[in-house]
Protein chains: 2
Amino acid sequence: MISHKILKRFLLYRICLHKFQRLGFTKVFSYNLGEEAGVTAEQVRKDFSLLGIKGSKRGGYDIEYLLLEINNIFKQNGERYVIIVGMGNIGQALANYQGFRENKIITVAGFDLDPSKYTRKNIIPVHHPDKIDEIVREYGVKTAIIAVPEAAGQEVCDRLVASGIRAVLNFSPIILHVPEHVTVNYVNLRNELESLFYYT
Amino acid sequence: MISHKILKRFLLYRICLHKFQRLGFTKVFSYNLGEEAGVTAEQVRKDFSLLGIKGSKRGGYDIEYLLLEINNIFKQNGERYVIIVGMGNIGQALANYQGFRENKIITVAGFDLDPSKYTRKNIIPVHHPDKIDEIVREYGVKTAIIAVPEAAGQEVCDRLVASGIRAVLNFSPIILHVPEHVTVNYVNLRNELESLFYYT
DNA sequence: GATTTTTTGTGAAAAAAAGTACAAAAAATG
DNA sequence: CATTTTTTGTACTTTTTTTCACAAAAAATC
């Protein structure tokens, strides 16, 4: 089991590796990657060593191979479906976000109580939350994004878990109570911004 | 100097404290707060103790007082201005996001290269990036959000730093190189979502 | 092909974070 | 008002994470 902290670091490395690739490199040394990612070279080596990812002494690491291994951690070869519950500000922005598609993550559908959002103008189909169960089962979706107001967060989450969702990205400013087998990743935009005012 | 990890925990506590307040409570015990926030009671007490925030033995902590102390960390009584550079998907969603306004954070302006965005229809005024310096100095803005495509990220950041920005919330998928006195907080939505696929 | 240089890979050490345990305080009870 | 109960605050321990240090491998040089 890899800790969330290390998982995030692998994703960070991937961003840097893509940059190196764009610049025409095919190999990197741990200190190149470390400098770019803002961590020490030892940390980079330890992280790769943890997964049994090998470099060559004096030759460094092969970028293509690193990317392959990192993508494997996140199952990039499999079907990666996601649904978005709550098509307000954030939900809509995520639906339109190119970043997900680039990485072979398919946003299957969005859900919202407001019928005015069930239009074809959206980039993804939007349904009433009552259809969550149907669609989750049809596509075998295992991952969901919660972007509803806080009052609705826990109820939406319970519904998702009941339908078979196993991983949740939660933008609502609440702590979700979920069974053991479900993972929640929290993103609180207000807190992320506000934390900065400590430093100003 | 408080670590970023602990800062984030204080903001998490605040969310929980607001919930308790809404439910009519005026006092909390460390284990109430811990359970709600998903940390141990000892952790809660340690965190508060770190800042010299006192409870009363057997009486617990006064919610009002805790909120006051937490808000002090993040300078909620002072002027908290922010600008948004890049009014695409995410930039626009953030401009519309109620969460910031609720917490007395004032979004002064947005910036984008696309002139079609300089309309009065936006919730905040949007200008050409050339006006960054003028507006940052006029309002004494110290905090900025970067939500531009990755290719422009570093250049935008350099400009912001040159204008006097000291803290950056960066949504672009790049590591920013900044001088010592500038703090960067990274939010990578793609990575946040993708990290979940490790668990599915 | 021997020597030097460079870089990985990993144990050992250090630092940071979290958890344990319990004395001290204070409210509640008898 | 003495005793019991509850909860804070913090020293101490354990665990996790990071850094240090260096042997081993391999490319480059002589």
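So that the names make sense, note that chain A is the first sequence line, chain B the second, and so on, each numbered from 1.
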Which donor-acceptor pairs under 3.5 Å do the side chains of residues 160-168 of chain A make with protein atoms, sequence neighbours left out?
unit_1, atom_1, unit_2, atom_2, d
A/Ser163, OG, A/Asp133, OD1, 2.7
A/Ser163, OG, A/Arg159, O, 3.1

Partners of [X] by side chain to side chain contact (heavy atoms under 4.5 Å, CB included), sequence neighbours excluded?
| X | answer |
| --- | --- |
| B/Lys8 | A/Glu192, B/His4 |
| B/Leu51 | B/Ile2, B/Phe10, B/Ile53, B/Ile73 |
| B/Lys57 | none |

### Proximity to DNA chain C (any heavy atom under 4.0 Å), residues of residues 23-38 of chain B only
none
Identify every side-chain donor-acceptor pair in residues 16-31 of chain A under 3.5 Å, counting partners at least two apart or on other chains, and give the distances.
unit_1, atom_1, unit_2, atom_2, d
A/Lys19, NZ, A/Glu36, OE2, 3.0
A/Arg22, NH2, B/Glu150, OE1, 3.3
A/Ser30, OG, A/Arg45, NH1, 3.1

#### Entry: A/Thr107: partners by side chain to side chain donor-acceptor pair (under 3.5 Å), with sequence neighbours left out
none
### Task
Using the test side chain to side chain donor-acceptor pair (under 3.5 Å), find all partners of B/Arg120 that sit at least two apart in sequence or belong to another chain.
none
#### Entry: Gap between atoms CZ and C1', on B/Arg9 and C/dA16 respectively (whole Å)
12 Å
### Atom-to-atom span, OH of A/Tyr65 to C1' of C/dT8 - whole angstrom
13 Å
What nitrogen or oxygen pairs link the protein and nucleotides 28-30 of chain C at under 3.5 Å?
none

## Note on the structure
Sorted by chain and number, sequence neighbours left out, salt bridge (charged side-chain N to carboxylate O under 4.0 Å, His left out) with A/Glu64 holds for none
### Task
State whether a side-chain donor-acceptor pair under 3.5 Å links A/Arg14 with A/Asn71.
yes
#### Entry: First-last contacting nucleotides on DNA chain D - partner chain B, under 4.0 angstrom, heavy atom
D/dT5 to D/dC12
Would you tabulate the pairs of protein nitrogen or oxygen atoms and nucleotide nitrogen or oxygen atoms of nucleotides 9-12 of chain C closer than 3.5 angstrom?
unit_1, atom_1, unit_2, atom_2, d
C/dG9, OP1, A/Gly55, N, 2.8
C/dG9, OP1, A/Gly55, O, 3.2
C/dG9, OP2, A/Gly55, N, 3.4
C/dG9, OP2, A/Tyr61, OH, 2.6
C/dG9, N7, A/Arg45, NE, 2.7
C/dG9, O6, A/Arg45, NH2, 2.8
C/dT10, OP2, A/Ser49, OG, 3.1
C/dG11, O6, A/Lys46, NZ, 3.2
C/dA12, N6, A/Lys46, NZ, 3.3

### Message
Please check this pair: side chain of A/Asp114 against backbone of A/Ser116, looking for a donor-acceptor N/O pair closer than 3.5 Å.
### Response
yes
